[in-house]
Amino acid sequence: MAQSHAAVISPEALDDLVEALRARGYRVLGPTIRDGAIVYDELESADDLPTGWTDRQEAGTYRLERRDDRARFGYAVGPHSWKRYLFPPRVRLWRASRGDGGAPVVEEEPLDETPLAFLGVRSCELHAIEIQDRVFVGGAHVDRDYAARRDGAFLVAANCYEPGGTCFCTSMGTGPKAEAGYDLALTELLDGEHRLLVEAGSERGAELLAELPASEATAADHAAAAAAVESAAGRMGRTMEAGDLRDLLAANLEHPRWDDVAERCLTCGNCTLVCPTCFCTAVEDETDLTGGEAGRFRVWDTCFSVDYSYIHGGAIRPTGRSRYRQWMTHKLGTWHDQFGSSGCVGCGRCITWCPVGIDITEEVAAIRATGEVEHGHA
Ligand code: SF4
Ligand code: SF4
């Protein structure tokens with residue numbers, strides 16, 4: 001997109017941005033503080049943003065801290081990801097009731113087609129959405145619920161200048177600067193006058209930008225934005241050597257490190273629930289007490305549960321070792337075969353929200369340090 005589709009706005013003009021999106025009929029979702037964390041929820045106005053807050057993250061640790069400025073996007077990512085809106089934790093698939101004469105009548109759940117606008121999407125999250133697009137709508141079988149929510153969603157990216165202690169997007173080639181897949185991209189600039197560089201990535205983004213109270217972006221604004229993102233790239237909390245992981249992991253399926261991690265892993269599944277790309281589900285059927293109505297729901301599941309691999313006669317991954325290995329080798333290895341990329345975007349959530357602090361970058365490094373050298377596989 002040409003530089004002419006860029007402008008500078010004041011932090012106060014974020015309110016105009018939220019208002020302009022709401023006026024277009026979008027349900028505007030973005031970062032806000034709740035329960036001691038920065039989560040994603042509906043924004044009534046830009047006042048709901050986590051102004052002046054940041055997050056401190058380490059393996060198994062997350063806490064909010066006050067900043068000494070009024071930054072709106074001075075944090076990394078929290079426990080939520082946008083998948084909770086595109087691929088909600090629980091959706092009804094159909095309901096059944098008794099019609100005339102008691103015969104069952106089955107009705108497919110109507111699609112929720114309220115247009116969604118996401119404000120503050122990090123670069124790693126844009127990549128995660130792109131990955132879930134491939135999973136849900138990129139193949140022969142299109143998920144109608146995901147497609148309805150994703151279709152027309154308006155994405156406002158926020159470039160990172162404050163990476164978290166568990167982030168490693170630079171290792172995965174997914175950040176910290178948003179390169180594509182957004183309608184507008186914000187870079188908050190805190191040097192000198194507090195302002196945001198706004199760049200349009202689509203025609204509708206440019207149209208909306210033209211409505212905001214803005215001034216022309218100067219070469220100095222662009223240079224400041226580039227410097228902020230470059231500085232973030234140099235301050236990632238974690239790194240992971242990732243290029244050869246598919247083959248490295250395939251060559252080390254019997255590595256003793258799987259036993260080691262299994263002794264620490266609680267198989268709680270937190271890592272899969274917070275991961276912006278994990279997509280396993282189960283179905284649950286419910287009936288009311290009178291037997292008059294029934295429904296089927298799709299709910300998030302996790303490969304860390306024994307039941308997830310239950311097939312006729314028993315579970316095929318009965319141990320924590322086999323379940324952790326399944327998760328990691330799929331995410332970093334066989335995902336390439338299935339979907340043409342890694343399943344990891346380096347957001348660090350699985351590290352932060354693991355109750356015992358298991359760190360995927362550390363597990364990979366341990367296998368790399370002492371494992372079989374990769375030998376390639378067909
Ligand atoms: S790695 Fe951590 S978050 Fe994931 S299942 Fe094990 S204990 Fe839970
Ligand atoms: S595996 Fe962990 S670091 Fe990678 S995308 Fe999922 S939650 Fe983020």
Side-chain angles (χ1 to χ4, degrees), residues 40 55 57-62 76-84 87 121-135 160 163-176 236-242 245-246 249 257-280 300-309 317-336 339 341-367:
Y40 297 145
D55 48 17
Q57 303 194 38
E58 268 309 322
T61 301
Y62 177 101
V77 290
H80 284 177
S81 69
W82 303 103
K83 83 173 179 184
R84 71 180 292 104
F87 164 56
V121 185
R122 302 302 189 178
S123 179
C124 63
E125 300 184 303
L126 288 171
H127 283 266
I129 291 170
E130 186 199 337
I131 288 172
Q132 287 214 321
D133 285 350
R134 285 203 295 276
V135 171
C160 287
T166 56
C167 291
F168 56 103
C169 64
T170 45
S171 301
M172 304 312 290
T174 57
M236 288 287 135
R238 297 284 196 279
T239 58
M240 186 163 79
E241 210 181 308
L245 280 180
R246 172 178 171 271
L249 295 176
R257 186 72 183 192
W258 302 118
D259 294 311
D260 183 284
V261 72
E263 284 192 12
R264 289 171 283 136
C265 176
L266 309 174
T267 68
C268 64
N270 266 17
C271 47
T272 61
L273 302 180
V274 293
C275 180
T277 67
C278 276
F279 57 85
C280 290
W300 286 358
D301 202 349
T302 170
C303 55
F304 280 92
S305 81
V306 179
D307 281 350
Y308 193 73
S309 72
R317 291 191 283 271
T319 62
R321 176 187 188 275
S322 59
R323 297 202 288 282
Y324 186 88
R325 187 180 70 174
Q326 156 64 24
W327 177 68
M328 199 165 101
T329 56
H330 183 217
K331 182 82 29 190
L332 301 175
T334 51
W335 203 292
H336 285 278
F339 302 113
S341 75
S342 173
C344 175
V345 296
C347 71
R349 287 181 177 90
C350 59
I351 305 170
T352 299
W353 296 96
C354 172
V356 291
I358 291 172
D359 177 344
I360 191 171
T361 66
E362 203 177 292
E363 297 311 312
V364 163
I367 289 175

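Order of listing sets the numbers, starting from 1, for every ligand and every atom in it. Computed from a prediction, not measured in an experiment: that's the story for all the values here.
Of the protein's non-hydrogen atoms, the one nearest atom 5 (S) of ligand 2 is V345 N, 3.3 Å. At the top of the distance list for atom 4 (Fe) of ligand 2, counting protein heavy atoms only, stands C344 SG, 2.4 Å. For atom 3 (S) of ligand 2, the nearest protein heavy atom (residue, atom name, distance) is G348 N, 3.2 Å. Closest protein heavy atom to atom 6 (Fe) of ligand 2: C275 SG, 2.4 Å. Summary of contacts: the protein heavy atom closest to atom 8 (Fe) of ligand 2 is C347 SG, 2.3 Å.
Heavy-atom proximity to T267, at under 4.0 Å, picks out these atoms of ligand 1: 5 (S), 6 (Fe). Of all the atoms in ligand 2, the ones that sit under 4.0 Å from a non-hydrogen atom of F168 are 3 (S). Listed by atom number, the atoms of ligand 1 under 4.0 Å from G269 heavy atoms are 5 (S), 8 (Fe).
Here the closest non-hydrogen pair linking V364 and L245 is CG1-CD2, 3.5 Å.
With salt bridges taken as basic N to acidic carboxylate O contacts below 4.0 Å, one links E363 and R264.
Taking the six-membered ring where the residue is Trp, the centroids of W300 and Y308 are separated by 6.0 Å or more.
In this model, a donor atom of one side chain and an acceptor atom of the other lie less than 3.5 Å apart for T166 and T352. When only modelled atom types and interatomic distance are considered, S322 and T319 share a side-chain donor-acceptor pair under 3.5 Å. Side-chain contact, K331 with T277: a donor N or O sits under 3.5 Å from an acceptor N or O. In the model, T361 has a side-chain atom that pairs as donor or acceptor with a side-chain atom of D359 under 3.5 Å.
Heavy atoms of W353 found under 4.0 angstrom from ligand 2: none, in either backbone or side chain. By the criterion of a heavy-atom distance under 4.0 Å, the side chain of K331, and not its backbone, is placed next to ligand 2.
Between Y324 and W258, the ring planes lie tilted relative to each other; the angle falls in the 30° to 60° range. Using a 30° and 60° split on the angle between ring planes, F279 and F339 fall in the perpendicular class, above 60°.
Listed for the R323 side chain is a donor-acceptor partner under 3.5 Å among the backbone atoms of F304. When atom types are taken as modelled, the side chain of K83 and the backbone of C275 share a donor-acceptor pair closer than 3.5 angstrom.
Inside a sphere of radius 2.8 Å centred on atom 2 (Fe) of ligand 1, the protein N/O/S atoms present are C354 SG.
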